[in-house]
Amino acid sequence: MEHCILKIALDSPLDSLFDYQWKLQDETVPLPRPGQLAIVPFGRREVVGIIVAVSDHSDLPAEKLREALAVHVQVPPLSREWLDLCRFAADYYHRPLGEVAIPGLPKNLRTTKTTALDKALAKLARPADVALPRLRKAARARGRNAAITTPVESPAQAEAAVEVAEPAALASPVFWSATPNLNAAQEQAVASIAETMGFTPYLLFGVTGSGKTEVYLQAAARIFAQAHSEGPPAQVLILVPEINLTPQWLANVQARFPHLTIALLHSGLAEGERLTHWLAAHYGRAQIVLGTRLAILASLPNLKLIVVDEEHDPSYKQQEGLRYSARDLAVWRAHQLGIPVVLGSATPSLESWQHVQSGRYKKLELRERAVPDAVLPKVRMIDMERDRPTGGMTSSLIKAVRLRLECGEQSLLFLNRRGYAPVMACEACGWISNCAHCSAFMVLHKLDRKLRCHHCSNEMRIPRNCPTCGNIDLQPIGRGTQRVEESLQQLFPAARIQRIDADSTRLKGSAQAAFDAVHRGEVDILIGTQMVAKGHDFQNLTLVGVLNPDTALFSQDYRAAERLFAQLMQVAGRAGRRAQKEDGNPSEVWIQTRYPQHPLYAALRAHDYERFADVQLQDRVQAGLPPFIYQALMRAEARELQTALEFLEAARSSMDLPPEVILHDPIPMAMTRVANVERAQLLIESTSRVALQAYLTAWLPVLREIKPRIKWSLEVDPQDI
DNA sequence: AGCACGCCGACT
DNA sequence: GTCGGCGTGCTC
């Protein structure tokens, strides 16, 4: 045999593998192996693909086959398990394997040039005492948001780890620093996780401050210790919802495991760092991999535990391209490997809560706050009908902030709307600042003196007078964080006010700088969007004010209430993280609302997630909504709305329906037009996940034949409908 | 998705 | 006369 056939997955929407020839050389050159990367000609360009199989025949005529150009022998092959994970995700979300497997790899591995790869491999091979100071320095410069690898190996071992696929065993035992005592519930949770034999999904349910992090870390420590006596060092994957949370997590993890190599994987890394960290995980050298949702697709040869912190968080769902749920893939991956997975939350997703009810997930509950004497903040409603707000703030809330200022304690004001004002309007003629390209308003950004559409790149200078009637008295309507910041400056001229939202943190590192300022006590009043609500551990923060949560109460989106409850519980959790000072004020959460009696707020006031969840689940059963039904959503877009609707109509009638599957009417999307494209959607539902999947599998090839061809996509388990 | 080919409008 | 608009066709 002179040639063999490589079956290769490429990052292309074509749903197939591609066959290439590979010339067999003498015995000294090993045969390509599945999981290796290969450079191949594809059309007129050269791309990197993954060898999925090595075979001796192809179904294609020989003249169509081209030769693979090279195989990446520097990098050990991706494992069978990793390829199976990608294959599962590809099948489940109905995308080609290559579109799942390739984009998850660091860019520097996907180029035909190997200079960056060689550099990274050299870095990994370099003796620890040379590489480390440079990484440390870079990390410090970047506010600890960078690469921190702390190898324990001798130079020789580091070399070995780079050259062979299998990681070298650690010579030294696994250390971890002295740990705080656990309370009984924590101890039991740690024991359950660490003693797990085989696949077990756990829901770690506990309010903010109940010590979930401690449970993850000590469970990890025990798993490291067990693995150490058995074989290669174990790896633990920790997923967090936001990039901004990784520095705080990194500091925690490093303090606990100062001798272990930690890899970070999130989209904020520079490409070089990304490659180094990815390789550290791939070689099994990084024992702790900390990252955002994309880290779920990392190569982890010795994975023994997966943690998904704040598992309810919507950011675990990718909202473009391959629309996967990192949390769901985490559970699948744990199942595949026969290992425990811990989903942690104070406000679990209703999906996970339902899995607990049905016995599929095991609940581990932390009822007390772990810090002795820390008490749950008191939640109060401010009736906005009685106490009319000025500048977005009621007099009660202003008074509360002033009290905290006088005590030298920090306040957080939460408003999930960035910009100065969401709309600008002319009171004389009724003109409003509609975007010319989207069905949305242009948002007023006063500092930039711009009206800006948050959905397309459309910007314009704030008009001096009304574009239709010439009236010079244009008014901002409603308020965003910038406007509240302005009011606060007037109300509290001596206070140090910090705004944290997507606009104020656009520059790299600025978010971290802002959070650091808060931690150092250089900020009195913090105003922010959901960016500040998640996970940050503010020690001196004792007041949380929620300015305007009501809009979500009556939303068309059936998940809005669930999201609002989680968000409010989470932002409430920012208050009173530490033990209450003897002479201090109790931590408080003030919620401005026009519906103080609403059941959602009643549950919140009682810190009663369970009651809230049970009521929601009952509603969902009765209404036939997830998690009791499975959904997929097809979206189509075109210049004309009619074209998109007609396409979906054709799609709907293109195939006979099995009895368990329902197709709804095609409808325009809630935001019909974005950047001059009209969008419509078609909802597919079934009481059976298997029936839904089978239908989609059969349906997709039919859809690809529908003419005229327009842009469309399919999302499984959509979050926003 | 890229990338090229291919056939019709405003410019050096 | 050409630069370039995006329709459609192909990629082992």
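The sequence lines fix the lettering, A, B, ..., with proteins before strands; numbering per chain opens at 1. Just so it is clear, the values below take in all heavy atoms, side chains as well, and ignore hydrogens, waters and symmetry mates.
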### Query
How about A:Y92 and A:R689: does a side-chain donor come under 3.5 Å of a side-chain acceptor?
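There is such a pair (donor and acceptor under 3.5 Å, judged by atom type) between the side chains of A:Y92 and A:R689.
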
### Message
Tell me whether A:R704 at atom CZ has more than 12 heavy atoms from other residues, nucleotides or ligands lying less than 6.0 Å away.
### Response
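Above 12, so yes.
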
### Query
How would you list, by chain and number, every residue that makes a ring-ring contact (aromatic ring centres under 6.0 Å, His included) with A:F441, sequence neighbours excluded?
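Testing A:F441 for ring-ring contact (aromatic ring centres under 6.0 Å, His included), a comparison that skips the adjacent residues, returns none.
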
### Task
Return the set of residues passing ring-ring contact (aromatic ring centres under 6.0 Å, His included) with A:F42 (not counting sequence neighbours), or none when no residue passes.
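Listed in chain order: A:F18.
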
### Query
A:E715 and side-chain hydrogen bond (donor to acceptor under 3.5 Å, both in side chains): which partner among A:H94, A:Q318, A:R323?
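The passing option is A:R323.
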
### Task
Inspect the contact between A:D91 and A:R87 and indicate whether a charged nitrogen and a carboxylate oxygen are less than 4.0 angstrom apart.
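Looking at A:D91 together with A:R87, the answer is no, because their closest N to O distance does not fall below 4.0 Å.
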
### Task
Using a strict cut-off of less than 4.0 Å between a Lys/Arg side-chain nitrogen and an Asp/Glu carboxylate oxygen, indicate whether A:K119 and A:E271 qualify as a salt bridge.
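No, no charged N to carboxylate O under 4.0 Å.
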
### Results of side chain to side chain donor-acceptor pair (under 3.5 Å) for A:D665 - residues two or more places apart only
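Partners of A:D665 under the side chain to side chain donor-acceptor pair (under 3.5 Å) test: A:R652.
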
### Task
Scan A:L60 against the nucleic acid and name what it touches under 4.0 Å (heavy atoms): base, sugar-phosphate only, or nothing.
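Answer is base: heavy atoms of A:L60 come under 4.0 Å of a base.
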
### Task
For A:Y20, report the nucleic acid contact type (base, sugar-phosphate, nothing); a contact means any heavy atom under 4.0 Å.
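It contacts sugar-phosphate atoms only.
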
### Message
Can you list, in residue-number order, the parts of residues 86-99 of chain A that come under 4.0 Å of DNA chain B, counting heavy atoms only?
### Response
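Hits under 4.0 Å, by residue number: none.
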
#### Entry: A:H454 ring center near A:H445 ring center (under 6.0 Å)
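Under 6.0 Å, so yes.
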
### Smallest separation among heavy atoms of A:L633 and A:R635, with atom names
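So the minimum-distance heavy-atom pair works out to CD2-NH2, 3.4 Å.
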
Please write out the pairs of protein N or O atoms and N or O atoms of nucleotides 2-4 of chain B separated by less than 3.5 Å, giving the distance to one decimal.
none

#### Entry: DNA chain C: 5'-most and 3'-most nucleotides touching chain A, 4.0 angstrom heavy-atom criterion
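Listed 5' to 3', the contact boundaries are C:dT11 to C:dC12.
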
